[in-house]
Amino acid sequence: MNCAELEATIAELPLGTLAPEEKARLDEHSAACAECRASIAQLEAAYAELGGAGEKDEPLPADLRGRIVAAAKASLAAKCASCGTPVSEQEAAVFDSTTYHVECLAKARVKTAAPERPAMSCTFCHDRLTRDASVFCATCLAPHHDECFREHRRCAAPGCSESRVVRPADPSATRPRRFRWPLALVAGTGIAALSAAALTGRSHADGKVRIDVALREGASALGERHFDVALARYEAALVVDPTNDEARRGAEKCHAELAAEAAKIPKPSSTAREVPALLGQSRAQVVAALGVPSSEEEKTSGWTKLVYRSPSATVYLDPARDAVVHAVLSEGWSFRGVQVGTHRAEALNLLGVPEKDQPDINGGHHFVYATYGLALSFDGPDETISSLVFTQKPEFRADLNGGLSTPVPPEPGSQGSMREVPSLLGKSKAEVVKLLGAPFSEETLPDEKGKGFTIKHDWIKLSYRKPTATIFIDKATEKVLLATFYTDWSFRGVHVGMHPTQVMDLLGEPDDDTLDTSGDHHFRYRSHGLLLPFEGPDKTVSMLVINENGGFAPDINGNVSTPVRPASKRVNDPEPPKK
Amino acid sequence: MLVEPTDARDQDARDMERCREGDAEALGDLYDRHAREVQRLLLALRVGLDRASLDDALQETFLRLLADAKRGRYDSSRPLRPYLLGMARNVAVTFARRRREAPMANESERGDGRAEPPELAIGRETSSRVAAALVALDPEMRSLLVLKHEHGLTMIELAAALRCSVPTARARLGEAAVRFARELRRCGLDPKESVS
């Protein structure tokens with residue numbers, strides 16, 4: 001055993017973790033090796049030094065214990081989801097699995113009337129900032145107090161020296177709030193129930209007074225046109241006294257007004273334009289479908305950006321392939337009924353369950369319909385779609401805040417984009433090379449020698465990488481017999497990882513559906529010469545096989561997972577002459 | 001080797017149970033018994049914590065302990081000390097990562113886990129070289145040596161602190177020891193010199 005082999009053993013020796021036999025071996029070696037003895041001594045001295053090499057102990061701060069206990073108490077206390085302060089058991093009201101103060105829940109009308117805005121602080125003085133008093137940097141939109149910006153004379157954000165500001169528009173000029181009738185009813189009913197519970201919890205002696213309070217508050221809310229709150233008050237009063245006429249009339253009026261409000265909700269535009277097939281389309285096809293773009297520019301990424309107005313759309317073309325790789329469509333576009341402003345539940349109804357539902361840390365949902373190359377982000381407060389994004393291999397990535405924001409376009413020049421499987425069956429090698437480029441490798445399959453026979457493979461195998469494909473060519477006829485395509489290849493929208501139902505959506509019912517012994521389906525589309533095995537734990541397409549005459553052959557497990565390759569010739573070897 | 005007395009373990013288990021039931025004062029009692037050792041570990045890990053950060057890390061460690069107790073993640077049949085030290089180690093590593101992104105306060109507090117260049121350490125006292133070699137290790141590896149050597153955790157306790165199996169803990173510790181020995185050589189503590 002040499003010194004190098006004992007390096008790890010020597011290193012561990014001072015820690016006392018060596019097994020006795022290891023230690024004995026080391027002792028035996030070190031007895032004869034001065035260098036290892038020195039190493040051991042050096043290491044032991046270093047470990048002995050280690051205890052003293054640390055930083056000196058510091059006294060524990062006297063108030064730290066109190067701070068920790070206070071922080072623990074604060075973290076243990078239930079907090080009101082509305083005001084954020086601790087809630088005692090006596091004053092807690094739980095609504096929709098969330099704890100509120102009873103008063104805060106009653107004020108929920110504020111939440112339904114106007115979406116909660118995040119608290120802002122001034123970039124310069126870091127003090128709290130209200131929307132009315134704020135101005136925003138014209139370059140980076142960092143919020144400031146008007147006075148702070150004037151005092152600093154430029155934006156206080158690091159790296160920004162903008163001296164101009166923009167101001168929020170007049171709040172009265174903002175778009176009308178979307179009144180959500182079902183939510184209002186649910187919230188109203190919840191508040192009513194709680195209020196009623198609060199009212200009935202009192203003695204009957206002051207019941208009259210409480211009903212009066214509810215009626216007065218209901219009338220007040222009605223006057224302010226907060227119909228959901230007013231309805232809650234009137235219904236609370238009706239729970240206590242079902243015969244109260246004033247409460248009944250008030251509730252009926254509230255119902256009528258709420259119904260009128262609901263009727264005013266702008267319905268998704270029926271004139272929305274249906275999104276044409278864009279991904280993979282050439283520039284000419286895009287222009288034919290969408291018209292001449294209002295602007296066009298070359299991006300530094302090498303892509304061409306086509307911008308359309310009314311309805312607004314941005315289409316990114318990869319000039320190298322002359323194909324659309326990414327498209328963002330805004331209001332005025334519709335994809336199978338789904339458009340900007342469509343609620344998550346409605347999107348589920350229209351497009352079905354997405355292949356992937358990526359939740360973010362804020363509880364938001366991000367749907368990925370890989371079949372359509374569609375990524376939908378429900379990032380508004382009301383869980384509605386903000387834009388339709390079509391992209392190759394759609395996915396959402398975490399942003400700086402840990403949330404998931406916009407779908408990420410594929411890297412320019414990356415192989416993330418799907419490539420359409422060309423028509424190959426019967427093509428010559430030259431044509432294959434013309435269509436797919438030069439292969440990564442080419443080999444003539446060697447003959448397989450068995451006992452007394454030889455299988456002659458008279459075919460050539462062309463292998464492609466990124467995306468992966470394998471093409472088999474008959475050497476005699478020089479025609480393609482079989483081709484297998486893997487990830488990043490697509491045949492009329494069908495690609496690896498698709499579920500059988502999605503395939504049937506795109507290609508229809510298969511001509512043959514073979515089941516193997518594992519219960520896996522194998523679809524064959526004769527007209528396309530296409531075979532699709534659905535394998536793996538999620539039973540999805542494992543590869544695309546183009547094979548005119550073949551089928552699936554049972555493998556050694558009895559499954560039919562392997563597509564039949566072109567028949568090879570089996571030749572019996574001549575028997576050796578007998579001696 | 002430090003061995004936790006059984007009554008102390010029982011007391012820890014009782015306090016953790018109280019924490020689970022929402023008694024914040026129980027965390028104060030745990031703090032009284034373990035804060036000194038946790039602070040010693042945080043300092044020994046040499047992740048460049050200043051006074052305020054040290055207090056923050058200490059507080060974070062105990063609040064994480066409380067959160068684990070509340071969620072029922074802590075198994076009261078196991079000793080608390082390695083669990084808590086493992087938690088402190090994780091907090092320290094987290095703080096070190098945060099510091100990695102922040103600009104360094106000064107060169108002596110290199111929070112990115114890498115030591116000052118060995119050539120600077122050469123020529124200083126042995127203790128400085130040993131410290132430099134230790135700081136040159138990745139904070140996670142450094143913590144293994146500190147927990148084993150300075151806090152005297154057994155392999156079972158070390159495995160509990162790292163939330164892994166004993167063979168894994170042992171493999172990681174072995175790797176840390178080899179790296180430390182190599183860093184010592186890089187920092188000028190070469191046994192060949194002493195032989196010649």
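Small disclaimer: the values here were computed from a predicted structure and weren't measured. Lettering follows sequence order; numbering is per chain, from 1. Both backbone and side-chain heavy atoms feed into the values below; hydrogens, waters and symmetry mates do not.
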Can you tell me how far the CD atom of B:Glu60 sits from the CG atom of B:Asp55, to the nearest 0.5 Å? 13.0 Å
Looking at B:Glu25, B:Gln59, B:Arg182, B:Arg51, which makes the most heavy-atom pairs under 4.5 Å with chain A? B:Arg51
At a heavy-atom separation under 4.5 Å, does B:Arg179 approach chain A through its side chain, its backbone, both, or neither? neither
Specify which of A:Thr17, A:Leu13, A:Ile10 makes the most heavy-atom pairs with chain B at under 4.5 Å. A:Thr17
Looking only at A:Arg37, A:Arg65, A:Glu7, most heavy-atom pairs under 4.5 Å shared with chain B are made by A:Arg65
Classify the ring geometry between B:Phe180 and A:Tyr47 as parallel (under 30°), tilted (30 to 60°) or perpendicular (over 60°). perpendicular
Heavy-atom proximity to chain A below 4.5 Å, by part of B:Asp29: both
Let's go through A:Gln42 and B:Arg185 carefully: what are the C-alpha distance in whole Å and the side-chain angles of both, what is the deciding distance for side chain to side chain contact (heavy atoms under 4.5 Å, CB included) to 0.1 Å, and is it a yes or a no? CA-CA 10 Å; A:Gln42 192 80 271; B:Arg185 282 199 288 277; over 6 Å; no
Do we see a donor-acceptor contact under 3.5 Å between the side chains of A:Thr9 and A:Glu22? no
May I ask you to check whether over 12 heavy atoms, not counting those of A:Glu28, lie within 6.0 Å of atom CD? no
